[in-house]
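Letters A, B, ... mirror the listed sequences (proteins, then strands); counts begin at 1.
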Number of protein chains: 2
Amino acid sequence: MTTAASQRLPLSRERVLACAVALADESGIAALTIRTLAQRMGTKPMSLYYYVANKDEILDGIVDMVFSEIELPVPEGNWREEMQLRAHRVRSALRRHPWAVGLLENRSAPGPATLRHHEATLATLRTAGFSVQLTAHAYALLDSYIYGFAVQEAALPFEGRDTAAEITKPIMERFTTGEYPRMVEIAVEHVLKPGYDFGDEFEFGLDLILDGLSRLTADPG
Amino acid sequence: MTTAASQRLPLSRERVLACAVALADESGIAALTIRTLAQRMGTKPMSLYYYVANKDEILDGIVDMVFSEIELPVPEGNWREEMQLRAHRVRSALRRHPWAVGLLENRSAPGPATLRHHEATLATLRTAGFSVQLTAHAYALLDSYIYGFAVQEAALPFEGRDTAAEITKPIMERFTTGEYPRMVEIAVEHVLKPGYDFGDEFEFGLDLILDGLSRLTADPG
DNA sequence: TAGCGGTTTAGTACAGTGTACGGTACTGTC
DNA sequence: GACAGTACCGTACACTGTACTAAACCGCTA
């Protein structure tokens with residue numbers, strides 16, 4: 001005779017982490033507690049500790065899961081295209097999982113997927129002829145831009161095209177009395193324009209950075 | 001007759017926030033609890049609630065305090081110098097208070113110092129002749145880079161010149177067996193070199209970005 | 001079939017968190 | 001002397017991560 005409990009999928013580290021990611025996506029990283037996670041998986045809190053040492057290991061694990069979702073760049077490809085693709089993939093992963101960038105600064109031990117990702121990215125730049133030094137510079141620059149963009153995007157109270165206007169307009173109207181004229185100007189003439197999406201700003205900076213890097217590799221003068 | 005308690009400085013919102021900043025600096029943002037904060041100030045937890053509505057208001061408040069430490073750019077100055085100076089000032093503030101960038105993505109309501117900072121920065125770009133659109137692009141790009149760099153800097157297990165070598169060397173030696181050759185290469189030929197400081201990477205990206213922006217404003221062809 | 005040892009799941013308990021609620025002292029005004 | 005407002009605090013509650021303990025289940029040998 002099979003009880004209801006026995007029909008439930010068996011626990012596993014994979015399932016714990018996958019469930020943790022889903023929970024964080026739906027309800028925010030603050031809602032990711034051992035108890036809610038256990039409840040969601042149809043088990044009791046302490047059962048999870050058989051698969052993970054502690055909560056920190058869960059946090060490390062879900063960061064690595066985010067990286068595992070990101071397709072790797074191919075070192076033999078055109079470096080600029082590969083880096084542009086990679087940037088967009090990382091950004092979209094960080095938009096799907098807005099909590100991830102917040103964990104990046106706390107967690108120190110990178111997981112295997114994270115290491116593979118870094119390795120593939122570095123290989124692409126080196127294979128394209130970037131010197132070791134320039135590779136380090138370029139990688140720090142690109143990731144800073146991507147992570148920082150994700151931070152700003154996560155901080156926005158709105159998301160997606162045109163939604164900025166609804167949120168921002170009433171706020172801005174309080175400011176029209178002069179203390180912050182430049183912010184109002186940006187809002188009225190840029191952010192509140194129909195079709196505006198902060199995400200579109202990403203391409204501008206990315207192109208500028210990639211242009212700059214191109215100049216440092218190919219340009220003879 | 002004055003008791004020991006009466007000699008204590010009177011509480012105030014300012015003092016609560018300043019103490020919260022100091023506590024977070026010394027022991028990390030996780031150690032910033034109502035109880036430890038109260039103890040540090042020589043009071044009881046609930047006394048703080050007379051000056052702040054809740055802990056979120058404290059977090060909002062200390063983010064704004066960080067911005068209040070940053071000297072404002074002057075709109076009449078040379079935009080490139082002003083932006084370079086500002087970038088370094090923001091970065092050093094975020095290095096003094098590594099928890100700040102982590103709060104940025106959660107808190108939505110910017111405080112007065114934050115608003116003044118944004119206003120002065122936008123004014124500098126607009127005064128220099130940047131169009132509204134280009135100003136928005138440039139600001140998103142610059143802040144993304146600065147914030148993202150701070151995220152990476154906060155994630156590093158080491159800090160400052162030459163300390164990277166001590167930490168990284170034993171880790172890298174485990175990797176020399178081939179799975180991550182490019183990472184090892186970067187480590188050995190760049191990070192482990194004497195005098196290395198990740199912070200130095202900041203200037204490279206900043207210059208590249210400012211160069212790119214210059215080209216978009218002045219360059220005739 | 002009985003018993004055993006390792007694997008997996010649960011129950012209970014504890015210290016620490018934010019903060020709601022209801023006080024208590026002190027100060028100034030009438 | 002009565003009253004109101006300011007500043008501060010004690011207690012209590014629901015929630016957190018997780019240590020410790022016990023129970024159930026499993027494939028196995030005898």
d([atom1], [X]; [atom2], [N]) in whole Å:
| X | N | atom1 | atom2 | answer |
| --- | --- | --- | --- | --- |
| B:Tyr50 | C:dT24 | OH | C1' | 14 Å |
| A:Leu32 | D:dC15 | CG | C1' | 15 Å |
| A:Tyr51 | D:dG17 | OH | C1' | 20 Å |
| B:Arg15 | D:dA7 | CZ | C1' | 14 Å |
| B:Leu37 | C:dT19 | CG | P | 12 Å |
| B:Asn54 | C:dT17 | CG | P | 17 Å |
| B:Leu48 | C:dT17 | CG | C1' | 14 Å |
| A:Ile34 | D:dT18 | CD1 | P | 6 Å |

Among the nucleotides C:dT17, D:dG17, D:dA7, which one has an atom lying closest to any side-chain atom of A:Thr33?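 So the nucleotide nearest the side chain must be D:dG17.
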
Selection from D:dA12, D:dG17, D:dC9 that lies nearest to any side-chain heavy atom of B:Met46: D:dC9

Any side-chain N or O of [X] less than 4.0 Å from the OP1 or OP2 oxygen of [N]?
| X | N | value |
| --- | --- | --- |
| B:Ser47 | D:dC9 | yes |
| A:Lys44 | C:dT9 | no |
| A:Thr43 | C:dT9 | no |
| B:Tyr49 | D:dC9 | no |

Heavy-atom pair with the smallest gap, counting every atom of B:Ala138 and B:Leu125: CB-CD1, 4.3 Å

Taking only Lys NZ, Arg NE, NH1 and NH2, and the carboxylate oxygens of Asp or Glu, determine whether B:Glu82 and B:Arg89 approach each other closer than 4.0 Å.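 Here B:Glu82 does not pair with B:Arg89 in a salt bridge, since their nearest N and O are not under 4.0 Å apart.
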
Is any NZ, NE, NH1 or NH2 atom of the basic residue among A:Asp60 and A:Lys55 found under 4.0 Å from an Asp or Glu carboxylate oxygen of the other?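 Here A:Asp60 does not pair with A:Lys55 in a salt bridge, since their nearest N and O are not under 4.0 Å apart.
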
Pick the closest DNA chain D nucleotide for A:Thr36 and for A:Ala53 by heavy atoms, then say which residue is nearer the 5' end. A:Thr36

Side chain to side chain contact (heavy atoms under 4.5 Å, CB included) for B:Val21 and B:Val66? Distances and angles first, verdict last. CA-CA 8 Å; B:Val21 167; B:Val66 171; 5.5 Å; no

C:dG16 base / B:Arg35 side chain donor-acceptor hit below 3.5 Å: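 A donor-acceptor contact between them is absent.
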
Calculate, to the nearest 0.5 Å, the distance between atoms CD and CD belonging to B:Glu203 and B:Gln84 respectively. 5.0 Å

